[in-house]
Amino acid sequence: MFEVQNQPPPLEPYNLFSSDTALREAVRREGASWAEGELTALGAALGSPETVKRGFDANKFTPQLRTLDRYGHRLDEVEFHPAWHELLGLAVKAGLHSSPWAAPKPGAHVARAAGTFMLGQIESGVYCPVAMTYGSVPTLRHAPGIAKEWLPRIFSRDYDHRFIPANLKTAALIGMGMTENQGGSDLRTNTTRAQAAADGSFRLLGHKWFMSAPMCDAFLVLAQSPKGLSCFLMPRWMPDGERNAIQILRLKDKLGNRSNASSEVEFLGAYAQLVGEEGRGIPTIIEMGNYTRLDCCIGSAGLMRQAVAQAVHHARHRTAFQKKLADQPLMTNVLADLAVESEAATALTMRLARAYDENDEAAQVIRRVATPAAKFWICKRTPFVTYEAMEVLGGSGYIEESIMPRLYREAPVNSIWEGSGNIMCLDVLRALDRTPNAADVLRQELNGKDARLKGIADRLNRRFGAADRSDESQARALVRDLVLALQAALLTSHAPATVADAFCASRLNGDGASAFGLLPRGIDLRTIADRAAAAG
Ligand SMILES: Cc1cc2nc3c(=O)[nH]c(=O)nc-3n(C[C@H](O)[C@H](O)[C@H](O)COP(=O)(O)OP(=O)(O)OC[C@H]3O[C@@H](n4cnc5c(N)ncnc54)[C@H](O)[C@@H]3O)c2cc1C
């Protein structure tokens with residue numbers, strides 16, 4: 001038997017919070033330092049070997065659909081491996097599905113964002129029902145009666161995976177169904193019908209082409225009622241204790257996100273209650289969309305962080321050509337460049353989360369304009385980061401026993417889900433037009449911060465001018481510049497000078513983004529790579 005040599009130890013156990021300098025600084029800066037104790041405990045729990053293994057198990061033993069029992073009765077149940085329930089239980093116990101609503105206080109959305117940022121690094125599938133439940137709360141509040149009944153269950157931290165009526169459970173989770181076979185971006189094409197029933201509820205007839213986490217206790221669903229497209233809450237069980245008429249037709253065979261079930265469903269007169277004003281379904285459910293889009297940024301920034309932490313860890317232990325990989329100058333450049341991208345994503349995501357804790361004009365503009373912008377850019381960058389980080393591990397990065405293939409397969413989903421890239425960019429144009437003072441508020445975020453921002457701020461200003469702002473073909477360019485400018489403003493104000501130098505030198509001249517490892521001479525690459533190490 002050969003001797004195993006020159007192989008790095010696994011990056012476990014480790015604390016995902018205390019070892020992440022950029023995250024800890026962002027949490028303090030954005031107003032959630034009070035949560036550091038809880039986040040440190042969560043970071044340790046997530047980084048334990050047992051939890052890491054659950055992430056692997058939940059993706060290896062994927063959910064199974066049981067449509068019928070052995071006698072032919074409908075079941076429409078999805079069975080998950082125990083690891084899935086343990087991970088989801090951990091997330092719910094930490095309040096990641098609802099804590100800012102259950103216990104609102106300054107910094108609550110930031111603290112929760114830091115928690116989910118860590119959760120998604122270990123297992124991204126469970127993040128899906130966590131994100132949808134979090135996002136459902138402002139929409140459910142449009143129906144005070146429903147909110148009174150459901151919010152206490154949603155606020156509970158006592159995860160209950162049993163498939164029984166929600167009123168018999170210790171906690172409830174919420175999913176959503178918008179996308180239909182004929183269209184997911186253009187929701188006005190939804191064909192599912194809602195018929196009013198004598199008791200004031202509705203019966204839904206139709207289908208959804210994607211409905212993830214179908215074992216949630218209820219779903220926010222769009223359907224055409226007599227007054228137009230409306231939003232409904234559709235529970236898995238009827239008030240009389242019978243199963244609701246929701247048939248799960250099949251589970252999607254997905255590229256990644258494999259621990260999570262995403263289903264195709266048919267509604268055969270399913271019981272549902274109206275949420276918000278009849279005929280105003282899209283504005284009602286879009287409130288949920290804002291929060292789930294924030295979660296796409298958090299989830300993707302977390303994937304980047306995990307990829308970079310693994311890459312730096314590997315390179316600090318593996319030797320090639322008589323030196324640690326991290327000490328080979330070209331590898332140091334790759335690691336530093338990856339670390340800069342990850343830190344920029346972390347900083348912007350946490351700044352965005354703070355806008356959900358505040359309510360002044362700046363916060364409203366950041367929420368409305370920067371959320372879709374950040375979702376576009378951060379989610380777009382994630383596949384590149386996970387791919388390059390995988391290569392740092394060489395052949396071992398391509399092997400399923402490492403987490404890298406899972407991160408890579410997961411990386412595109414947040415860009416597609418909850419509004420794909422183009423839809424996000426078109427939404428930014430719309431938001432710029434419809435949000436009072438949007439361009440001025442954004443200019444102020446950039447103005448006078450640092451001389452290096454002048455070039456990108458000028459370019460953005462030109463784009464805010466008439467032509468680009470109304471030319472859809474240029475929307476991606478405008479949104480890219482907006483995000484780069486916001487990231488540069490954050491890093492030049494708050495990150496170590498060398499990180500800000502590297503970002504400005506490589507990202508603001510319009511030709512960044514082609515590959516990693518292209519940082520110019522004169523930057524302290526080693527310090528940047530060391531800062532990203534998951535040590536301490
Ligand atoms: C893993 C996963 C889980 C999901 N879970 C859910 C869920 O739980 N609930 C749910 O409702 N949906 C869910 N979805 C569906 C998802 O939200 C949709 O796939 C997404 O919104 C895109 O819709 P579509 O697939 O119909 O693509 P289309 O609407 O056909 O769009 C295709 C492409 O065209 C682009 N495009 C569309 N219109 C324009 C335009 N005017 N200009 C330029 N480009 C345009 C889009 O950006 C996109 O890139 C899930 C998807 C995935 C992959």
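Numbering of ligands and ligand atoms starts at 1, following listing order. Position 1 is the first residue of the sequence, and the numbers go up from there.
Distances between N or O atoms of Phe210 and those of ligand 1 include at least one value under 3.5 Å. Looking at ligand 1, you won't find any N or O of Glu472 less than 3.5 Å from one of its N or O atoms. An N or O contact shorter than 3.5 Å links Met178 to ligand 1 by distance. Between Ser262 and ligand 1, no pair of N/O atoms sits closer than 3.5 Å. Checked against a 3.5 angstrom limit, the closest N/O atoms of Lys254 and ligand 1 fall outside it. For ligand 1, the polar-atom distance check finds no N/O of Asn257 at less than 3.5 Å from any of the ligand's N/O atoms.
From the protein, the heavy atom lying nearest to atom 4 (C) of ligand 1 is Trp417 CD1, 3.2 Å. Nearest protein neighbour of atom 1 (C) of ligand 1, counting heavy atoms only, is Val413 CG2, 3.5 Å. Considering only non-hydrogen protein atoms, atom 16 (C) of ligand 1 sits nearest to Thr179 OG1, 3.7 Å. Protein heavy atom closest to atom 43 (C) of ligand 1, with residue, atom name and distance, is Asn422 ND2, 3.5 Å. Scanning all protein heavy atoms for the shortest distance to atom 20 (C) of ligand 1 gives Ile416 O, 3.5 Å. The protein non-hydrogen atom at the shortest distance from atom 38 (N) of ligand 1 is Ile423 CD1, 3.5 Å. Of the protein's non-hydrogen atoms, the one nearest atom 46 (C) of ligand 1 is Ser420 CB, 3.8 Å. Considering only non-hydrogen protein atoms, atom 9 (N) of ligand 1 sits nearest to Met176 O, 3.1 Å.
At least one heavy atom of Gly183 lies less than 4.0 angstrom from ligand 1. Using a 4.0 angstrom heavy-atom cutoff, Leu426 counts as in contact with ligand 1.
For the pair Arg480 and Phe376, the cation does not sit on the ring face, since its NZ or CZ is not both under 6.0 Å from the ring centre and inside 45° of the axis. Geometrically, Arg367 engages Tyr356 in a cation-pi contact, judged by NZ or CZ lying under 6.0 Å from the ring centre and within 45° of the ring axis. For the pair Lys93 and Tyr159, the cation-pi test (distance below 6.0 Å, angle within 45°) is failed.
When ring centroids are compared, Phe232 and Phe202 come within the 6.0 Å threshold. With ring centers used as reference points, Trp84 lies 6.0 Å or more from Phe61.
Residue Lys252 does not touch ligand 1, judged by heavy-atom distances below 4.0 Å. The proximity of Asn260 to ligand 1, defined as any non-hydrogen pair under 4.0 Å, does not occur for either the backbone or the side chain.
Of the possible donor and acceptor atoms, none in the side chain of Ser420 sits under 3.5 Å from a partner among the backbone N and O of Asn422.
Ranked by closest heavy atom to atom 23 (O) of ligand 1, the top entry among Cys216, Gly125, Gly184 is Gly184.
Across Arg112 and Ala131, no two heavy atoms sit closer than the pair NH2-CA, 4.1 Å.
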> Taking it one step at a time, do Gln224 and Asn190 satisfy side chain to side chain donor-acceptor pair (under 3.5 Å)?
Replying inline: CA-CA 7 Å; Gln224 304 282 359; Asn190 266 207; over 6 Å; no
> Do Glu277 and His142 pass the side chain to side chain donor-acceptor pair (under 3.5 Å) test, and can you show the C-alpha distance, the side-chain angles, and the key distance before you say yes or no?
Replying inline: CA-CA 8 Å; Glu277 205 181 314; His142 284 278; over 6 Å; no
>> Between Ser262 and Lys254, does the side chain to side chain donor-acceptor pair (under 3.5 Å) criterion hold? Intermediate values first, please.
In response: CA-CA 8 Å; Ser262 296; Lys254 294 176 288 184; 2.9 Å; yes
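In this structure, Trp101 and Tyr134 have tilted ring planes: the angle between them lies in the 30° to 60° band. Ring orientation note: the planes of Phe163 and Trp237 are tilted relative to one another, at an angle of 30° to 60°.
For atom 6 (C) of ligand 1, the nearest protein heavy atom lies under 4.0 Å away. At least one protein heavy atom sits closer than 4.0 Å to atom 26 (O) of ligand 1. There is no protein heavy atom closer than 4.0 angstrom to atom 30 (O) of ligand 1. Not a single protein heavy atom sits closer than 4.0 Å to atom 33 (C) of ligand 1.
Residue Glu418 has at least one heavy-atom neighbour below 4.0 Å for each of these atoms of ligand 1: 17 (O). Annotation for ligand 1: atoms under 4.0 Å from non-hydrogen atoms of Gly177 are 11 (O). Applying the 4.0 Å criterion to heavy atoms of Ser212 picks out, from ligand 1, the atoms 3 (C), 4 (C), 5 (N), 6 (C), 7 (C), 8 (O).
Evaluation of the ring-ring contact (aromatic ring centres under 6.0 Å, His included) test over residues 397-426, restricted to residues two or more places apart or in two chains, returns none.
Under the salt bridge (charged side-chain N to carboxylate O under 4.0 Å, His left out) criterion, Glu341 pairs with Arg381, Arg507, sequence neighbours left out.
Using modelled atom types and a 3.5 Å distance limit, the side chains of Thr139 and Glu287 yield no donor-acceptor pair.
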